[in-house]
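Written below as structure tokens is the structure these notes are about.
For reference, positions follow the sequence shown, starting with 1.
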Amino acid sequence: MLNYRHLHYFWVVAKEGGFARAAARLDMAVQTVSAQVRELERALGHQLLKPAGRGVALTEAGQAAFARAEEIFHLGQGLADEVREAASGKVQRLGVGLSDGISKLSAHALLAPVLEAPHLRLVCHDGEFEQLMSELALHHLDLVLAGQAPPRNPNLRLACVRLVETPIEWYGPTHLVGRAEQARFPACLNDLPVLLPTSHSALRGKLDHWLESEGLRPRIVGEFEDSALLAVFAARGLGVFPVSQLGSGDLGMPRGLRRLGSCDQVKEEIYALHSRRGQHHPLVRQVIQAAALLPAV
């Protein structure tokens, strides 16, 4: 069985870049730390550290071991807090992953039903879809909101539910959106500065296809991964932008924006993904059940 004390000494040596600095941090003799790391190398059957100037560097095997040690000790650092919170029976922790491609305004609207839960501790992570799937499979997250369903992989044992399919509306600052522009929508997009989500978003491809089908070639002045940030820049006068109907109704929509028009042909889809263990989380169930009650569009 892996000796985690030896792994911890190796982790500290790697982070400090040398045995002397690690020994000072651990308040131990250099020889003791060195001996413990050598024991770990013998147990794993590979050299993990190599000389580098006055310190040490990671070998390829060491890089793999260090990456895993980082995960282990990062989790360990939060263990005391989580145990204390669990023992108190008060804190409800909900770890949510938000895929880069989805509207954060929509995500906020979908999570709104649980935001008033007593003693809620909400932990949100932004990330690439594949990264979030890995964190979900390792039970680092309880729920992932994404713009796509995961590929079939029986080894991951993940469940997927489509929460919403909501039409897209266009908004812009009041000085750009008047009655004349509203009457000429969508043709007016050729004459207005336009903000769009980046290609990370599944919505971007749908929007590009819609613009092409309408014969529109707008002047794109900005691209954003975060829809909430996009709305903030729009409210400051940078341009007009698309947002899902669900997101536009959210209280997080910045002031100073006016509805320009809607393109019902384009819709944003958001899926809820959770592990089989996560389906028993009361807040995960609440998010999914609340989404099922949203009016059909």
Side-chain angles (χ1 to χ4, degrees), residues 96-112 122-133 135 143-148 163-177 181-182 185-186 188-214 216-273:
V96 180
L98 303 177
S99 179
D100 280 344
I102 70 166
S103 161
K104 300 308 184 290
L105 292 173
S106 297
H108 179 266
L110 290 169
L111 293 173
L122 179 66
V123 181
C124 286
H125 293 272
D126 266 333
E128 297 283 349
F129 182 75
E130 292 76 11
Q131 172 200 347
L132 295 177
M133 290 301 95
E135 293 187 36
L143 175 69
V144 168
L145 299 180
Q148 64 191 89
L163 295 182
V164 292
E165 183 183 41
T166 176
I168 296 301
E169 298 183 327
W170 287 76
Y171 279 76
T174 52
H175 75 276
L176 291 178
V177 179
E181 287 76 22
Q182 291 171 331
F185 182 83
C188 64
L189 293 177
N190 275 334
D191 306 316
L192 294 171
V194 168
L195 310 178
L196 290 175
T198 66
S199 57
H200 279 78
S201 170
L203 183 60
R204 176 59 184 270
K206 298 177 182 179
L207 287 166
D208 287 343
H209 179 75
W210 175 75
L211 290 168
E212 184 178 353
S213 68
E214 294 289 332
L216 300 172
R217 294 186 176 180
R219 178 169 60 92
I220 300 171
V221 299
E223 299 179 63
F224 297 80
E225 289 186 3
D226 188 325
S227 61
L229 185 62
L230 189 157
V232 168
F233 274 80
R236 297 297 186 270
L238 189 59
V240 300
F241 71 104
V243 61
S244 73
Q245 192 176 84
L246 177 64
S248 67
D250 182 48
L251 294 177
M253 176 70 76
R255 295 181 180 179
L257 295 172
R258 179 179 292 161
R259 185 176 180 275
L260 176 60
S262 63
C263 50
D264 294 341
Q265 306 94 316
V266 182
K267 296 186 178 182
E268 179 182 44
E269 295 179 301
I270 297 182
Y271 294 83
L273 296 87

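- Take R259 and apply the side chain to side chain donor-acceptor pair (under 3.5 Å) test, not counting sequence neighbours, and it matches E169, S262.
- Looking at V194 and L211, their side chains never come closer than 4.5 Å, going by heavy atoms from C-beta outward.
- Taking CD of E269 as the start and OG of S244 as the end, the distance is 12.0 Å to the nearest 0.5 Å.
- Residues W170 and V177 fail the side-chain proximity criterion, which asks for heavy atoms closer than 4.5 Å.
- V164 places none of its side-chain heavy atoms less than 4.5 Å from the side chain of S106.
- Between R258 and E181 there is no salt bridge, since no side-chain N of the basic residue sits under 4.0 Å from a carboxylate O of the acidic one.
- Taking CG from L260 and CG from L189, the interatomic distance works out to 6.0 Å, rounded to the nearest 0.5 Å.
- With values rounded to the nearest 0.5 angstrom, I102 atom CD1 is found 7.5 Å from L110 atom CG.
- Rounded to the nearest 0.5 Å, atoms CG (L238) and CZ (F224) are 6.0 Å apart.
- The line from NZ of K267 to CH2 of W210 is 14.5 Å long, rounded to the nearest 0.5 Å.
- L176 places a side-chain heavy atom less than 4.5 Å from the side chain of P193.
- A donor-acceptor contact shorter than 3.5 Å links the side chain of N190 to the backbone of R217.
- Here Q265 contributes atom CD and K206 contributes atom NZ; the two are 13.0 Å apart, rounded to the nearest 0.5 Å.
- Under the salt bridge (charged side-chain N to carboxylate O under 4.0 Å, His left out) criterion, the residue pairs touching residues 220-232 are R204-E223, with sequence neighbours excluded.
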